[in-house]
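Every number for a ligand or one of its atoms is a count from 1 in the order of the listing.
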Amino acid sequence: MPEADFSSKQKEYFTDIPQKNEAFFLKGSNNLDWGMKNRLSRIFSPDSGKTVMLAFDHGYFQGPTTGLERIDISILPLALQADALMLTRGILRSVIPPSTRKSIVMRASGGPSILKELSNENIAVAMEDAVRMNVSAVAVQVFIGGEFETQSIHNLTRLVDAGMRHGIPVLGVTAVGKEMVRDARYMRLATRICAELGASFVKTYFVEEDFESVTASCPVPIVIAGGKKLPELDALTMARKAIDQGALGVDMGRNIFQSDAPVAMLEAVRKVVHEGVSPKEAFEYYQTQKNG
Ligand code: R5P
């Protein structure tokens with residue numbers, strides 16, 4: 001049977017060059033499906049292996065947080081600088097232009113407000129709707145040691161099961177209750193449980209002592225939350241230390257959008273995370289951009 005290919009050009013099969021079979025660049029993710037890996041590659045840069053996510057999902061339990069009163073005005077100009085946007089589906093549909101090419105990490109748990117017991121969360125987004133919104137990952141809060149610990153873990157595992165069906169990675173977010181000690185021992189416990197139960201990546205807080213043991217004992221990537229607003233140099237220093245100790249990125253909110261110069265701060269954080277610059281250099285860059 002003749003081939004339906006009338007080109008006069010000689011075929012070339014490169015029989016002496018074996019097809020490459022490269023390992024996926026991201027820690028613990030090599031055995032995931034193609035769609036999962038593709039979505040993770042929209043969050044973590046395949047060049048640096050790291051991510052700078054901009055978190056502005058705080059309204060899901062605390063309403064119009066300082067700096068987030070008007071996301072259309074304060075956050076949209078920042079969005080272009082981030083690798084991924086962490087937000088709720090309400091904000092995505094009401095404020096974020098569908099023409100955006102940014103990757104979306106969607107908050108998928110919720111329920112109680114700051115007036116109630118925060119650990120009493122349920123799943124807040126059906127995976128079908130997350131797929132419809134073309135998200136790169138969904139995020140779920142896990143309250144290890146909290147009153148509704150088991151319920152929050154079930155939220156994670158149900159999202160992981162649904163995510164596996166659709167190729168959507170799940171970000172496990174470790175929520176540390178006020179009564180808990182924020183130390184490496186707690187973070188090791190919380191992050192490891194998230195990973196063991198199927199989270200593709202985990203968000204936690206940086207701790208000054210022994211953070212390396214947290215990243216080492218978690219088999220999937222860890223990104224750090226920023227936490228409450230710090231002076232810019234301190235926030236940049238925290239990011240540097242976290243990356244140097246094995247974190248693969250930041251998912252930072254208040255330390256960026258509550259800064260006097262949010263765009264400059266986000267760019268400075270990018271320099272620390274993606275380019276490996278020192279906190280001092282990044283802070284100098286921040287100041288130049290802020291005053292320029
Ligand atoms: C908190 O629960 C929210 O999910 C935020 O995404 C998270 O805390 C990161 O924001 P921040 O850097 O302001 O702590």
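- At least one N or O atom of G253, backbone or side chain, sits closer than 3.5 Å to an N or O atom of ligand 1.
- By the 4.0 Å heavy-atom criterion, D57 is counted among the residues contacting ligand 1.
- Under the 4.0 angstrom criterion for non-hydrogen atoms, K228 is not in contact with ligand 1.
- The atoms of ligand 1 that sit less than 4.0 Å from any heavy atom of A55 are 6 (O), 9 (C), 10 (O).
- Looking only at heavy atoms of the protein, atom 1 (C) of ligand 1 is closest to F61 CE2, 4.2 Å.
- Considering backbone and side-chain atoms together, G226 places an N or O closer than 3.5 Å to an N or O of ligand 1.
- Ionic pairing of R188 and D210 is present here: one or more N-O contacts between side-chain nitrogen and carboxylate oxygen are shorter than 4.0 angstrom.
- Using a cutoff of 4.0 Å between basic side-chain nitrogens and carboxylate oxygens, R165 and D33 are not scored as salt-bridged.
- Follow the hydrophobic side-chain contacts under 4.5 Å out from M252 and you reach I104 in the same cluster.
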- Going through the distances and angles, do F44 and F201 end up as a ring pair (Phe, Tyr, Trp, His ring centres under 6.0 Å)? CA-CA 11 Å; F44 293 87; F201 59 128; 5.5 Å; yes
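- Ranking protein heavy atoms by distance to atom 8 (O) of ligand 1, first place goes to Y205 OH, 3.9 Å.
- Within ligand 1, counting atoms from 1 as listed, the ones closer than 4.0 Å to a heavy atom of R254 are 11 (P), 12 (O), 13 (O), 14 (O).
- Between R192 and E196 a salt bridge is recorded (basic side-chain N to carboxylate O distance below 4.0 Å).
- In summary, the atoms of ligand 1 found under 4.0 Å from a heavy atom of M252, numbered by their order in the structure, are 12 (O).
- E12 CD: more than 12 foreign heavy atoms inside a 6.0 Å radius.
- Among protein heavy atoms, atom 7 (C) of ligand 1 sits closest to K203 NZ, 3.1 Å.
- Inter-residue side-chain proximity for T51 and V273 is flagged as unmet; no heavy-atom pair is nearer than 4.5 Å.
- Distance alone, capped at 3.5 Å, places no donor-acceptor pair between the Y205 side chain and the M187 backbone.
- Atoms of ligand 1 found under 4.0 Å from any heavy atom of H58, numbered from 1 in the order shown, are 5 (C), 10 (O), 11 (P), 13 (O).
- Ligand 1 lies within reach of R107, whose nearest heavy atom is under 4.0 Å from it.
- Ligand 1 has D251 within reach: a non-hydrogen atom of the residue lies less than 4.0 Å from it.
- Between the side chains of N120 and E147, no donor N or O sits under 3.5 Å from an acceptor N or O.
- Shown in contact with Q141 at under 4.0 Å from a heavy atom are these atoms of ligand 1, numbered in order with element: 2 (O).
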